[in-house]
Every structure is written in structure tokens, then in C-alpha cells.
Amino acid sequence: MGKELSKSYDPALFEDKWYEYWLKEGLFKPKKGKKNETYTIVIPPPNVTSVLHMGHGLNNTIQDIIIRHKRMQGYEALWVPGTDHAGIATQNIVEKELAADGKKRTDYTREKFVDRVWETALKHQKSIISQLRKMGCSCDWDYNSFTFDEKRSAAVKKVFIELFNKGLIYKSKYIVNWCPRCGTALADDEVDHENRSGKIWHIKYPVKDSSEFVVVATTRPETMLGDTAIAFNDKDERYIKFKNAKFTIPLTDRDIEPIYDSYVDPEFGTGAVKVTPAHDPNDFEMGMRHNLPFINIMTGDAKMNENIPEKYRGMDRYECRKALVADLDAAGYLVKVEDHQNAVGQCYRCKTTIEPRYSDQWFVNMKELAGPALKAVADGKIEFLPERWIKVYNNWLNNIKDWCISRQLWWGHRIPVYYCESCGRMEAASEQPDRCPSCSGTVFRQDEDVLDTWFSSWLWPFSTLGWPEKTDSLSKFYPTSTLVTGPDIIFFWVARMIMAGLYFMGDIPFSRVFFTGMVMDIQGRKMSKSLGNGINPFDVINRHGADALRYTMVAIVSPNQNLKLGFPNEDDKESVDSFEIGAKFANKIWNASRYILMNTPDDFVMSDPYKNNCDVFDKWILSALNDAALRVNEALESARFNDAAKELYHFFWNDYCDYFIELSKTRIFSGDKTVKDGVLSVLFYVLKAFLKMLHPIMPFITEEIYQALPGVSGSIMVADYPEFDKDKTDKDAKLKASKFFNILYLARNIRGEMNVPLEKRLEILIKTNDKDIIEMCSGYEKELLSLAKGEKIAAGADILKPKGAAAGADEYCEVYLPLEGIIDPAAEMERLKKELDKVSKDFQKTKAKLENESFVAKAPPDVIEKEKSKLEEFTSLSDKLAKNIKMLENMK
RNA sequence: GGGCGGUUAGCUCAGUUGGGAGAGCGUCUGCCUUACAAGCAGAAUGUCGUCAGUUCGAUCCUGGCACUGCCCACCA
């Protein structure tokens, strides 16, 4: 016996309840199923910098859909959750908080500061986890990991030490991207380039002991104080003469020498380049080639240091630029200033313009790791969806540079390298060594730097499963199955995980990567804090429920495109609510289920519809269900989530509700218990299967209704996912039902077009010699009358069109509705002519095709057959319409 | 400068082997019909960006062009 559902759909009443229930029942834990295979997903760990945004909403919904689908299909399914400590980003948050109190990081000890960051991190971690739970994510929380927790730290150390000892991690002086605000080095891909309009200054460099000079152009005049050469192209005739000359840097007393290098483009500007090896990556390369001195002229926060003339010391870089340009101008060194467009690098976290800085950093030699990673994807061991991201991936790996992994931060994995204070030897170890292997010294100092946050996340697929310990989880669930992530971190994360997996585990980390689109606002802009256009998944859940959130995103998402979402906003009256799609669908499901349960008697006993005496419509809806199962499974399997969502929507709303439930009403209210129980069994059978199919997308409402259905025990989460069965599709029933629906449509169309009031019951006359139609019209007279609002029906070959009747036709029949006195003959004429017009066009098109000799000669036979039957169909239709038009004309 | 997308109904977008253009929202008409007005029934609306090519046949394949978005890139 079933339970009652409340009058209206209110997700707040049950969503939390079911999540608790699933947790309590341990349903998120992997269990051996009938497939005897595992299916694993590791979450892309959200940063503990704030709450989740819509991107996470989409990404985690997709993961949950996949894992729930696989679980129901009988895989031993595991979804590993976790969060990322997000080094620089999290440290920035805390520094901003401190700044609000007028404090700086350096006002605290390192330990105190890190404690403070932990507090923030844990606070965010907690809210992230609660958001994931709100969304219904079926993660196994026993596996919950943090990139900076003890186990993950052990993995990081192990990896660092191993790579260090193999020489793949090295320390080197190098020019790195330096964020003066964060006070740390950044990896190349942590720098965003933005085209800005700036200036280019042309400056005279006098030749020493001569009246001659050379003009160089620069976009950053302040760096001239660190120049150590002037470079010309090695084949540039114009400048050969300076081979033995010296140049004096204007406003200083420092002399520099010329160098000749192929890097310099003689066509660009004057063909002369000032060289500042410590403040420009290209100049750095030239500096290395020509053994130039490296003069660092700035401090870590981009102020001018003591290596320059006194006047400019202590100035900020831009302040210095201004002063310097003014002085150059005054002294006659400034030739001209032009507007100039160039790409300026900025810190990806705080948008400060980066300053190339010459400093000691740690690097991973990537060349060796890249090869196998390229091969794994090229060989198809790892599949990318959509496939086109392979190109992006390949391009990056083919041009890979060494990875700068050191960060001058406090929040993160401290580099496990110890320096012997007596001999300076570097020792990589998980703990401070007791004794130096070289000099037996006992005093050590650990490296101050921490590791790039991605140095912990690239180990994620195996570190979360227990590596470096040889755990059961690791052997069971590695390699994982599908990774769901955004293409924006293909370099940061995806490529590096593949490298790490292959190197440390000797196997790919996952066999498939699904790249989602990016979530945008309704105008197609990125959601960002500064624009205030972000949508908090919590707000959506509060208004519509998690199921509506999930359904909507998945219905809108398309593998090739970003998705635009809108949500009501008090400040913006134009704002739209994208999530109504999901809310409406949930409401529909709720009401349909409520209606069925409402009409279920206490003594109802569910029977197997396949063993019952089913009628045509029962067989039709069971077939439609079976067809839907095929399409939904295929769609989910190939990550076409929008197709799955739409298929379920269409099946439920149109087939099940609009037709089947409506048709079932005559039997529900027939007064015959056997008949009623029979149709209820079909209604429940189909509803149950539908709920199972929908469950991965809308877990809460499906569980709530499922457990209210008669004869159900246990969670829908562990029910078998409906699969297609070719024996369960009844073609004959489908054809008969479609003929019936056509008649229904024709009758409704006439009523609608002619604006016949609902209370006006009409006689429905059907002229046909199709035996299916005749059979359906007598067998399902009640159904047709009730759905078409008819009074009585007559069907047969000898039906005559009454005077003043409106007509409609399809290929099998003509439908007449006697409407004398109700309709306007002129309107009816117009309607029929319009219809005929449409059909005639199709007819002409098809006819022309079949008369085209080369079409008949070259098109495949099945296509020709199809065109022929189309022609027949159009012929019969247009004949019928033409005949009816003629009859109308004759009446005049 | 290189690479990758997008351009289909008023809006947002589907359209997977080239063979009668679809959905949701919005609009119009009529309905409180024994679940659902967050609903029901009906209707209207498209030179599928543009030009050429391949083909019996192109929204779909190829090339050019236009507009648009994203990624990569050391040009002073």
C-alpha cells in the first residue's frame, strides 16, 4: 500500500532527511555489485578559499550522476571527496583579513600565521563539505582528503625526495615570475597576460668618449638601471662599428658593452636593445649566453634597491619610472614617447603586475615526465571528452618547460630539504637528518620555501587512496575511471596528474577525462566576485531544492559550450530564473505521483504488468519506457547529460503524464477493481522505473516518492538501473497507439482552431478503412471521447461528411466534427487551404526528387523507398484535403 | 602572431554516421477538465552568418570571408 504525498512539492521537507538516511545506511560506500567491477571518481578538490560556486555545482552534479548511475548498474562505485589547501590563494585571503586590521603576515611568527590560515582553511572546508552534502553528492566521506593533511603530506615528501635524488628536482638561480604583492615566485601558467595600452620610451645611450649615441626603445625604463649590455643583431651592419665601444647608461656612471645576438630583430624599432638580465626573461637568456653580470635592482616588493644611484633608491618601480623619465627628458636623453600595446603579466591570484625576478628557485625537470603522458593519450589509454582538448594538451606537453615549484609563502608543504650548516650540503629527507653524510655536521636548516599547491594535487588520484602505503583501496580503485573537470586546469592539473600517475604508479590515473563547459552569467560573462554576478548554489537550493538545481544545470549543459545561468536578483528587475526548468519538472513529477497514490486503494496489490492482460496503451507506455531506457543509458554512458535529461523530461511529461495518465483515468474510475488494479500496476511499474532512471540526476525527489510507492522496500540508490530489453518493445502497440494519438490530435486541432468551447461535446466521425483505427475507435471509445471531449464516435469506410462539419486528415483517415452553426465556413476554408498548402509543398519536393533521374540512380534504395512512401502519404493527405475544400465550396 | 570554439525561431540553446528543421522560455487563442494555473489543449515564428566547392541531395563535409568568444605566444 502506498503513502500519501503532501499537497505541494516542498523539497526542504525531505532533502536533508534522505541525505542523513543514505549516510546512516552506508549507501555511499563501495559495495560489490553484479558487475563485479569497480568504478572510481576522485573529486577535483575545491579550494578552501571560499564557498562553492556554480562551477562546482555543475562539476559535482555531473560526478554524482555518473557515480550514482554506475552504482545502480552494479559497479562497486567509489567517489573520493576532498579539498585543496590552495597555497597562495588561501594565504592571500588571510593576509587580506589581517590587512583589514592593519596587520601584515610578518607581524606574526611563521607558526602563528600558519595556524591562522589553518583556521580559515578548516572553516571553508567545513562549509564546502556541507554544500556538497546539500547537493546530494554521494561521496564516501571515509576517504575525505585534504591536500595538506598528514597522509597527503607524506606522499608529497616521498615524491619530492625521490625526484630530488634522481636529479629531476633541482635548485637553480633563474628568472621567475615574481608577484611583488604576494612576495613569491609563480609558475609560468600562474601568470595571466592582459593586453594593455602603455608607452614605449626611446632613450639615447651615449657612446663613451664620443659624441655618438644609440637609441634603444623600452616599455620599462626603470629597468635601465640594471642594464648590463646593449644588444644588436649579429648581422646588423649598422652596429658592427660599436664592437669595441662602451656605452654609458644615462643618469648613471656605469658603462656597459655591446653584445651581438640573433635574438634581436633588426627590423624592430632601432634594432638596438637594452639588456637587463635580472629583470627580463629574454634578457636573462642573453645574459646567460654572453656571460653578462646580473644586477638585481629591486626588492621583493618591487621597490628600487641599493644597486642604483642614490636618488632612486627606495622608490616604488612606477614612481621610479616617472622620476627617471622626467630626468631623462630634462637631460636630453629622451628622444620620443609613443603609445604602445603590450601584454602585461599579472598574478593570477591578485592581479598585481608581475616582475621578472632573478632568484634561487626549485624546479622539476619535466621533459622526462612529458613523453609517457603524451603517449598515454595518443594511444587512447586516456580518452578526452570533447576530444579536441587533446590538441591543447599535446601542444603544452610538446613545448613543456621546467616547472618552478618553490613558493616564497608560509602556507603549504615546506620543501623537505635540509642544509648542513657546516658544509652546506643539501639533503632531501622527510625528517631533519641527525648527521650530515658529508661532514658529519649535526646542525641543519630547513629550506624556507613551500611547494606550489599543484605539487600536492598532481598526486591526488593515488594519494587519496593511501599511497605511498600499499593499501587495499589503492590496488582496488586505481586507476580511477572518469575525471570531471574544467578545461582551464588542463595544464595545472590534468596533464600533471597523468605524468605523476605514470611515473609513480606506473599506470594512468584515469581512463577518461570529461571537460565541462564554464558556468557564465546570463549575459555570457564569467561569474566573478568583482562583477557580483555569481550565483550561490545554496541560494538556488533554498529556493527550488537541490534536485531543481541539478536537473537544470544538466539539462542546459552541452559538451561543447559554456552554460549561461540566471537567478533572481533584487537589484536587477530584468533578472531571470534559469532554475525554473528543474523546479517545474520536479513539481510535475510530484503531482503526477501524488495523483496516482491518491487513487490507490489500501488493498491494492501490485502485479507484474508483463504477466497481466495488458491493453494497447499499457503495451505502448511499456515500450516507450523501454525505448527511453535505451536512450538514457546511451546518453549517460557517453556523457551527453543534456540528452539524458531531455529524454527523461519528454518521456515523463509528454508520454506518461499527457497521454498515459490521462488515458488511464477511464480505467481508474471504471468502478471495476480488477481493471483499476491492472492499470495501477502499469502506472506504478512505469513510475518506478522512471524514478530509477531519473535518480542519478534528481536523487532526493526520486527517493522520497520511490519509498512511498506500494511494495517498495529499501533505497532507490541501490535499485537496479533500468536497462533496454529488445523484447520489451511492442511495435504493433506503438503503431496502434500512434494512430489513435493522431486522431486525438486531429480532433483537438479542429476544436482548438475553431475555438469550440470545452463544454460543447461533439460527435467524432472517422472515415477510414484502416482496421487498426476501426479497432482502436471501438476498443477505446471512452478514452477517445474523454480526451477529445466527444459525445459519440463512429468510424468506418462508409462514413459520410455531414453538412457544415470541419475536417482534418492524416494518411490513414479523415476526421469530421459536425459544427454546423458553430463555425464560420470561411474560417474552415482558410484553415484547410493553409493545411493543403503545406502538404502540397512537401508533395512537390518529394515528387521532384523522385523524378530526378540521378537521384533514383544514385541514392541508396532505402532512401528511395522512404521518399516513395512519403509521396504516397502526401498524395493521400492532399487528396483528402482537396476533397474537403471542394465540398465546402459546393455548399456555398 | 598561432591554436580552438561559436554564428539555427523574439531569447537561451539541441540537432553523432549528409536524405521531410527541434526543445525550453516568451508570444497569441481557449480552458480553474475528478494530480499539477509551476497546469491543460491548440496556434504562430526560421534565405540554419556569408560566398564558393564536393554530392543525385548540404544546417551537417571542404575552402574562403565576416562578426564573436576563449586559450597559447619573449618581440624590446
Side-chain angles (χ1 to χ4, degrees), chain A residues 5 7-9 189 193 200 216-220 231 263-265 267-276 280-285 340 342-343 356 386 388-389 391-392 395-396 399 487-488 490-491 518 520 522 524 526 544 555-556 558 560-566 576-578 580-581 583-599 638 640 642-643 646 649-650 657-658 661-662 665 668-669 744-745 748-759 786-789 841-842 845-846 849 852-860 862-864 866-867 870 873-874:
Chain A
L5 297 183
K7 179 89 174 72
S8 63
Y9 167 63
D189 33 32
H193 290 273
I200 186 161
V216 301
T218 179
T219 52
R220 303 193 317 147
Y263 163 76
V264 179
D265 176 0
E267 305 294 321
F268 189 92
T270 58
V273 183
K274 62 189 264 327
V275 183
T276 323
D280 182 280
N282 301 309
D283 294 3
F284 172 82
E285 297 291 337
H340 185 74
N342 66 340
R388 65 187 157 89
W389 293 111
K391 276 191 185 173
V392 178
N395 186 49
W396 187 72
N399 298 295
D488 51 330
I490 196 163
F491 311 136
M518 306 269 274
M520 304 294 189
I522 203 77
K526 252 185 185 166
H544 295 302
I556 290 178
S558 160
N560 255 332
Q561 200 136 347
N562 295 335
L563 67 163
K564 297 181 193 170
L565 290 172
V576 295
D577 187 351
S578 302
E580 276 176 0
I581 306 169
K584 280 164 112 169
F585 189 37
N587 189 55
K588 186 74 180 176
I589 296 165
W590 185 264
N591 280 303
S593 307
R594 183 167 69 91
Y595 159 77
I596 299 167
L597 284 167
M598 216 163 65
N599 286 294
S638 49
R640 295 185 339 259
N642 52 340
D643 284 353
K646 276 172 195 160
Y649 185 97
H650 172 260
C657 292
D658 292 346
I661 290 185
E662 292 306 322
K665 283 179 179 172
I668 294 277
F669 301 110
L744 179 58
Y745 167 77
R748 282 171 164 178
N749 178 265
I750 295 169
R751 292 191 70 114
E753 291 272 278
M754 296 289 125
N755 277 336
V756 180
L758 195 65
E759 65 275 11
S786 120
L787 297 192
K789 310 296 169 202
K841 273 185 196 156
D842 289 338
K845 228 163 118 181
T846 312
K849 240 182 197 181
N852 181 340
E853 278 175 33
S854 43
F855 172 76
V856 181
K858 294 185 179 173
D862 58 314
V863 173
I864 297 174
K866 204 176 158 196
E867 291 298 319
K870 265 158 63 179
E873 182 188 320
F874 295 145

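Chain letters run A, B, ... following the sequence lines, proteins first and then strands; every chain starts at 1. Nothing here was measured: the structure is a model prediction, and the numbers come from that model.
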Student: Can you measure A:Lys849 atom NZ to B:G19 atom C1' for me and round it to whole angstrom units?
Tutor: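 Computing the A:Lys849:NZ to B:G19:C1' distance gives 5 Å.
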Student: Taking the C1' atom in each of B:U7 and B:G15, what is the distance between them to the nearest angstrom?
Tutor: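 My reading of the C1' atoms in B:U7 and B:G15 gives 15 Å.
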Student: Expressed in whole Å, how much space separates the P atoms belonging to B:G26 and B:C65?
Tutor: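 About 42 Å, rounded to a whole number of Å.
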Student: For the side chain of A:Asn587, counting heavy atoms from C-beta on, which of B:C56, B:A38, B:G5 is nearest?
Tutor: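 The closest nucleotide is B:A38.
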Student: Using the C1' atom in both, what is the distance from B:G3 to B:A73, to the nearest Å?
Tutor: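 These two C1' atoms come out 10 Å apart once rounded.
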Student: C1' atom, B:A14 versus B:C36: distance in rounded Å?
Tutor: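 Going atom to atom, C1' in each nucleotide, I get 27 Å.
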Student: Determine the Euclidean distance between corresponding C1' atoms of B:A9 and B:G24; express it in Å to zero decimal places.
Tutor: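 Roughly 12 Å separates the two C1' atoms.
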Student: Rounded to whole Å, please give me the gap between NZ in A:Lys789 and P in B:C32.
Tutor: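 One finds 12 Å between P of B:C32 and NZ of A:Lys789, rounded.
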Student: Under the 3.5 Å rule, do the base of B:A35 and the side chain of A:Glu662 count as making a donor-acceptor pair?
Tutor: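 Pair found.
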Student: When you measure from the side chain of A:Asn642, which nucleotide among B:G19, B:A35, B:A14 comes out closest?
Tutor: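 The answer is B:A14, which lies nearest to the side chain.
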Student: When rounded to the nearest Å, what value does the distance between C1' atoms of B:G10 and B:C56 take?
Tutor: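 Roughly 37 Å separates the two C1' atoms.
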Student: In whole Å, what is the span from the CZ atom of A:Arg594 to the P atom of B:U34?
Tutor: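 Result: 14 Å.
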Student: Whole Å only: how far is the NZ atom of A:Lys665 from the P atom of B:C40?
Tutor: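 Going from A:Lys665 (NZ) to B:C40 (P), I get 11 Å.
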Student: Which value, in whole Å, describes the distance between the C1' atoms of nucleotides B:G1 and B:G57?
Tutor: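 Result for the C1' pair: 41 Å, nearest Å.
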Student: Does A:Lys665 qualify as a cation-pi partner of A:Tyr595, given the criterion of NZ or CZ under 6.0 Å from the six-membered ring centre and within 45 degrees of its axis?
Tutor: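 Judged by the rule (NZ or CZ under 6.0 Å from the ring centre, within 45° of its axis), A:Lys665 counts as positioned above A:Tyr595.
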Student: Round to the nearest Å and state the distance from A:Asn599 atom CG to B:C36 atom C1'.
Tutor: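 Going from CG in A:Asn599 over to C1' in B:C36 covers 14 Å.
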Student: Could you state the CE-P distance from A:Met520 to B:C13, rounded to the nearest angstrom?
Tutor: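 Value for this atom pair: 11 Å.
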Student: In dot-bracket, 5' to 3', how would RNA chain B read with Watson-Crick or G-U wobble pairs under 3.5 Å, [ ] for crossing ones and | for pairs to another strand?
Tutor: (((((((..((((.....[..)))).(((((.......))))).....(((((..]....))))))))))))....
Student: P atom, B:C13 versus B:G18: distance in rounded Å?
Tutor: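 26 Å, rounded to whole Å.
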Student: If you only use heavy atoms from C-beta on, which nucleotide in B:G42, B:C56, B:C36 is closest to the side chain of A:Asn852?
Tutor: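 Looking only at heavy atoms from C-beta outward on A:Asn852, the closest nucleotide is B:C56.
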Student: Base, sugar-phosphate, or nothing: which does A:Pro860 touch, judged by heavy atoms less than 4.0 Å apart?
Tutor: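 Answer is base: heavy atoms of A:Pro860 come under 4.0 Å of a base.
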Student: Below the 4.0 Å mark, does B:C56 have OP1 or OP2 next to a side-chain nitrogen or oxygen of A:Lys858?
Tutor: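 Affirmative; the distance criterion is met.
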Student: Report yes if the ring of A:Tyr263 lies under 5.5 Å from the six-membered base ring of B:C74 with planes under 30°, and no otherwise.
Tutor: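 Here the ring of A:Tyr263 and the base of B:C74 are not stacked, as the 5.5 Å and 30° limits are not both satisfied.
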Student: Nearest whole angstrom, please: distance from the C1' of B:C72 to the CH2 of A:Trp389.
Tutor: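 Result: 11 Å.
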Student: Checking contacts here: which listed nucleotide (B:A76, B:G30, B:G24) is nearest the side-chain heavy atoms of A:Val264?
Tutor: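 Of all the options, the side chain of A:Val264 is nearest to B:A76.
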Student: Within less than 4.0 Å of OP1 or OP2 of B:C40, is there a side-chain N or O belonging to A:Lys588?
Tutor: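 Answer yes for this pair, as a side-chain N or O of A:Lys588 is under 4.0 Å from OP1 or OP2.
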Student: In this structure, how many angstroms lie between the P atom of B:A23 and the CZ atom of A:Arg640, rounded?
Tutor: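 Rounded to whole Å, this separation is 19 Å.
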